[in-house]
Amino acid sequence: METNKEFATLILPEKDPIRIPVITDNMGAKSIDIHSLRKDTGYITYDPGFVNTGSCTSGICYVNGEQGILRYRGYDIEDLVENCDFVEVAYLLIKGELPNTTERRRYAELLNKESLLHHDMQSFFRSYPFKAHPMSVLAAMSVSLSAFYPEMDDIDPELQVDLAVTRLVSKVRTIIAFIYRHMKGEDFVNPSYKYSYCENFLNMMFKSSVIEYQINPLYVKALNQLLILHADHEQNCSTTAVRLIGSSDANLYASVSAGICALWGPKHGGANQAVIEMLEFAHEQKMSAQDIVNKAKQKDSGFLLMGFGHRVYKTYDPRAKIAKRLCQEVLAESGETDPLLELAMELEEVAVNDSYFKERSLYPNVDFYTGLIFRRIGIPTNMFTCMFAMGRLPGWIAHWLEWNKDPYGKIGRPRQVYSGPYIRKVQSLNDR
Ligand code: ACO
C-alpha cells in the first residue's frame, strides 16, 4: 500500500486549499485519507450507509464489484470451492495461510475436541418456544458462550484467543444443530470424533433412532461449498458490526453475536429465507416470472426482488454463479425437478434482460440460489440464515482478530450531521 505520493486538493469556503493524501491499495484502488480532516479544517464528511467510506485497511478479502471477483487471502473463490473444504478455508481466513497436512489434521482434531456444548447450556434451548426464530436463539447462545467460557476476559494470552476462536467455529455448528432438534422436539445428538466438520453437522441435525440416516456425500460436498461461499465478504453489514463491537474491546463471543443479529435482516443474510418465501408465494399464487419482476419495479409496492442487487457487485455475483451450478448438480442427483428452481431461473432470465434491472446493475446475489440447496439437504427455511452465519463465522473472526492487531485501530464512533432543535427549555409538566 502506497501513501503520500499523491495528493488531492480540497477547496473549502474561506479557507486556503489543503492537500489531502491519496492512498493506493494493493490492487490499485485509490482512497482519499481524511482521517485528520476535522482536526485540520473543522469539517466532517457525510456518507449515509458508508457508501464511499473505507473504515479500515484489511488483507483478508478482496471484492471487485465491477469485474465480479472475490478472493480470500488472494485465492479466487472458484479455486477454493473446487480444491478445499470448509475447515481449510476457515483456517486460511483465520490464520492467513492454507494449512499443510499436519496443520489440517491437528485443526480438525481440535475442532472435534471443542465441539461439545457445556451441559448446562443445553437447558437454555429447552426454555425457548419451539417457534422462536432460530437466529434469535443463535445470537443468544453465541453470546452465552462468554458466560460458560469466560477465559477470553483474562489478560489476553494468545493461546486463550486461539482456544476461543476454535471453540466458536466448532460450537456454533453444534448450537445450530441443537436449535433444529429443539424446534422438532427431538433429543440432541452430540458431535462424534468419527465425522468431518460437515458430516458431523448433518449427523447432529438428522440422525434418528427410528429411521436410519445415511450421510449423503453429495450433501457433504454441497455444504462444504456453500459454507466456503459464505465465509467472508470484506466490510459487509455484519462484519462491520463485529468490528464495531470489537472496537470497544468487547470479547469475541459478544462481537460475533452482534454480527449474527446484523446478518438476520432480509436486506443482508436474511435474504436467503426471503427468496424461498418469495418463490413459494409466487408459485402458490401462480405468478409468472414477469409478474414478479413487474411487482419489484413498482416503487410503491414495497416489494423488492429478493436475492437481487448488491452494494458492491454491479455484475453477476461470482458466488451466485457457483451456487446456481451446485443447485443444478444437487437436484440432478435426485433425478427430480424443483418447480422453485425453474421459477428462479426464469426470474433471473426475465430480470437480467429488463431495462429497470439493467440500468441499476441488479443481478442475482449469493442468496438467490443457496436456499434451494439448503432446502434439498433438508434444512428448514427459517434456518437458512443460521447456515449463512455458520459459513460467515471464520470471516467475522478473522476481521475481529485483524482489528485487534491494527495499530490504527480506534474505537468505532462515527460523527453525525445534527438535524434536531437548537436549544429548548424544559416546561413544567402542567404546561406541556
Ligand atoms: N429489487 C428491486 N429494485 C431494487 C432491488 C431489488 N432487489 N435492489 C435494489 N433496487 C433498486 C433500488 O430501489 C434503487 O432504485 P432507485 O435508484 O430507483 O432508487 C436502486 O436499485 C439502487 O438500490 P439501493 O437500494 O440504493 O442499493 P443498496 O446498495 O443500498 O442496497 C441491497 C443493496 C440492500 C442488497 C438491495 O439491492 C436489496 O435490498 N436487495 C434485496 C435484498 C437482498 O437480496 N439482500 C441480500 C444482499 S447480499 C448479502 O447481504 C449477503
Side-chain angles (χ1 to χ4, degrees), residues 80-90 104-105 107-117 122 125 130 134 138 169-231 272-273 276 280 322-341 369-391 393:
L80 291 168
V81 159
E82 285 306 316
N83 297 304
C84 298
D85 67 11
F86 176 63
V87 167
E88 288 170 290
V89 172
R104 169 75 182 75
R105 182 180 38 76
Y107 195 53
E109 280 167 11
L110 256 184
L111 286 172
N112 267 348
K113 196 165 154 244
E114 292 301 329
S115 58
L116 285 168
L117 278 192
Q122 299 189 7
F125 291 93
F130 286 115
L138 180 60
V169 175
S170 193
K171 290 188 199 307
V172 160
R173 169 192 53 169
T174 312
I175 290 172
I176 294 173
F178 281 18
I179 293 172
Y180 174 72
R181 304 293 297 202
H182 173 66
M183 262 167 52
K184 299 256 297 174
E186 290 178 1
D187 286 340
F188 300 136
V189 175
N190 271 321
S192 159
Y193 68 92
K194 283 195 294 197
Y195 297 125
S196 69
Y197 190 89
C198 288
E199 286 170 348
N200 240 325
F201 176 72
L202 292 173
N203 193 57
M204 285 191 279
M205 291 278 286
F206 302 121
K207 187 181 173 184
S208 160
S209 54
V210 284
I211 301 168
E212 195 186 349
Y213 178 65
Q214 298 273 4
I215 301 173
N216 180 339
L218 182 60
Y219 291 177
V220 175
K221 173 185 152 185
L223 196 52
N224 268 299
Q225 294 199 352
L226 285 171
L227 295 178
I228 293 171
L229 289 186
H230 288 100
N272 55 12
Q273 173 175 342
I276 293 294
E280 279 173 345
I322 298 169
K324 182 178 179 183
R325 196 175 66 211
L326 185 61
C327 186
Q328 288 164 327
E329 189 183 341
V330 168
L331 286 173
E333 190 240 15
S334 65
E336 293 166 32
T337 52
D338 183 338
L340 295 196
L341 174 63
Y369 286 106
T370 51
L372 292 164
I373 313 171
F374 288 137
R375 215 164 80 106
R376 177 56 52 149
I377 292 175
I379 293 157
T381 311
N382 67 353
M383 291 203 70
F384 291 174
T385 314
C386 290
M387 301 307 297
F388 192 144
M390 189 160 121
L393 199 53

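Sequence positions, counted from 1, serve as the residue numbers for this chain.
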message = According to side chain to side chain donor-acceptor pair (under 3.5 Å), does anything in residues 169-179 pair up with another residue at least two apart or in another chain? List the pairs.
response = Ser170-Arg173
note = Applying salt bridge (charged side-chain N to carboxylate O under 4.0 Å, His left out) to Lys113 and not counting sequence neighbours gives none
task = Can you run down the salt bridge (charged side-chain N to carboxylate O under 4.0 Å, His left out) pairs that involve residues 218-227, sequence neighbours left out, and say none if there aren't any?
result = Lys221-Glu329
request  = Supply the atom-to-atom distance Met390 CE to Met383 CE, rounded to the nearest 0.5 angstrom.
outcome  = 9.5 Å
task = Sequence neighbours left out, what passes side chain to side chain donor-acceptor pair (under 3.5 Å) with Asn112? Give chain and number order.
result = Asn200
query = Out of curiosity, Thr337 OG1 to Leu331 CG, how far, rounded to the nearest 0.5 Å?
reply = 8.5 Å
query = salt bridge (charged side-chain N to carboxylate O under 4.0 Å, His left out): which pairs involve residues 374-386, sequence neighbours left out?
reply = Glu280-Arg375, Glu336-Arg376, Asp338-Arg375
Using distance only, find each side-chain donor-acceptor pair of residues 186-194 under 3.5 Å and give its atom names and separation, not counting sequence neighbours.
unit_1 : atom_1 : unit_2 : atom_2 : d
Ser192 : OG     : Lys194 : N      : 3.0

Using distance only, find each side-chain donor-acceptor pair of residues 202-212 under 3.5 Å and give its atom names and separation, not counting sequence neighbours.
unit_1 : atom_1 : unit_2 : atom_2 : d
Ser208 : OG     : Val210 : N      : 3.0
Ser208 : OG     : Ile211 : N      : 3.1
Glu212 : OE2    : Gln214 : NE2    : 3.2

Donor-acceptor pairs are to be reported for all side-chain atoms of residues 82-90 against protein atoms at under 3.5 Å, with residues two or more places apart or in another chain.
unit_1 : atom_1 : unit_2 : atom_2 : d
Glu82  : OE2    : Arg325 : NH2    : 3.4
Asn83  : ND2    : Asp79  : O      : 3.1
Asn83  : ND2    : Asp79  : OD1    : 2.8
Asp85  : OD1    : Val87  : N      : 3.3
Asp85  : OD1    : Glu88  : N      : 3.0
Asp85  : OD2    : Arg104 : NH2    : 2.4
Glu88  : OE1    : Asp85  : N      : 2.9

query = Gln273: what forms a side chain to side chain donor-acceptor pair (under 3.5 Å) with it, not counting sequence neighbours?
reply = His133, Glu277
ask   = What is the minimum heavy-atom distance between Val330 and Ala222, and which atoms define it?
value = CG2-CB, 3.9 Å
Set of residues satisfying side chain to side chain donor-acceptor pair (under 3.5 Å) with respect to Thr370, sequence neighbours excluded = none
note = By salt bridge (charged side-chain N to carboxylate O under 4.0 Å, His left out), Glu109 pairs with (sequence neighbours left out) Arg105
ask   = Which residues satisfy the side-chain contact (heavy atoms from CB on, under 4.5 Å) test with Asn216, sequence neighbours excluded?
value = Leu218, Tyr219, Glu333
